[in-house]
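Okay, structure first, notes after.
Not measured: the values here are computed from a predicted model.
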Amino acid sequence: MSTQTPAAGTVTMYSTSWCGYCRRLSSQMDREGIAYDVVDIERDEDAAVYVMQVNGGNQTVPTVVFPDGSAATNPSIGEVRQRLGA
């Protein structure tokens, strides 16, 4: 299922192919060495529903899910690092 909690030290980023904010956060996580999985909400209907649930009915991306099960919409790389304890 596309809404599983990520493993410790990693995140799941819900994205679209055209999202500039998603590309920026991906490149920042690559640079920081943060492991992540990407789920395209345009290709995964369950993922789109999940993103809408955590964003008040909106399909806002990037939505990042952390190992503790919490989610953040368009977080900064600093917030991602902090919430991962990195």
Self-check item: V65 vs P6 side-chain heavy atoms within contact, under 4.5 Å
Solution: yes
Quiz item: Nearest 0.5 Å, what's the CD-CD distance between Q59 and E42?
Solution: 8.0 Å
Quiz item: Is F66 close to T10 at the side-chain level, that is, under 4.5 Å between some pair of heavy atoms?
Solution: no
Quiz item: Should V38 and V80 be counted in the same cluster of Ile, Leu, Val, Met, Phe, Trp and Tyr side chains packed under 4.5 Å apart?
Solution: yes
Exercise. Evaluate the side-chain proximity of L25 to P75: yes if any heavy-atom separation is below 4.5 Å, no if none is.
Key: yes
Quiz item: Should I34 and L84 count as side-chain neighbours, where that means a heavy-atom distance under 4.5 Å?
Solution: yes
Quiz prompt | M13 CE to T63 OG1 distance, which is reported to the nearest 0.5 Å | solution = 10.0 Å
Self-check item: Residues forming a side chain to side chain contact (heavy atoms under 4.5 Å, CB included) with V49, sequence neighbours excluded
Solution: Q53
Quiz item: Any salt bridge (Lys or Arg N to Asp or Glu O under 4.0 Å) pairs touching residues 68-80, not counting sequence neighbours?
Solution: E79-R83
Quiz prompt | Same apolar cluster: Y36 and V64, side chain cutoff 4.5 Å | solution = yes
Self-check item: Donor + acceptor pair across side chains of T60, N74 (<3.5 Å)
Solution: no
Quiz prompt | Pairs where residues 18-41 contributes a residue and the test salt bridge (Lys or Arg N to Asp or Glu O under 4.0 Å) is met, not counting sequence neighbours | solution = E32-R81, D40-R43
Quiz item: What distance separates Y50 OH from D44 CG, expressed to the nearest 0.5 Å?
Solution: 12.5 Å
Exercise. Consider only side-chain heavy atoms of I, L, V, M, F, W and Y, link residues closer than 4.5 Å, and tell whether V54 and V39 are in one cluster.
Key: yes
Exercise. Of all the heavy-atom pairs spanning P67 and A7, show the shortest one and how long it is.
Key: CG-O, 3.4 Å
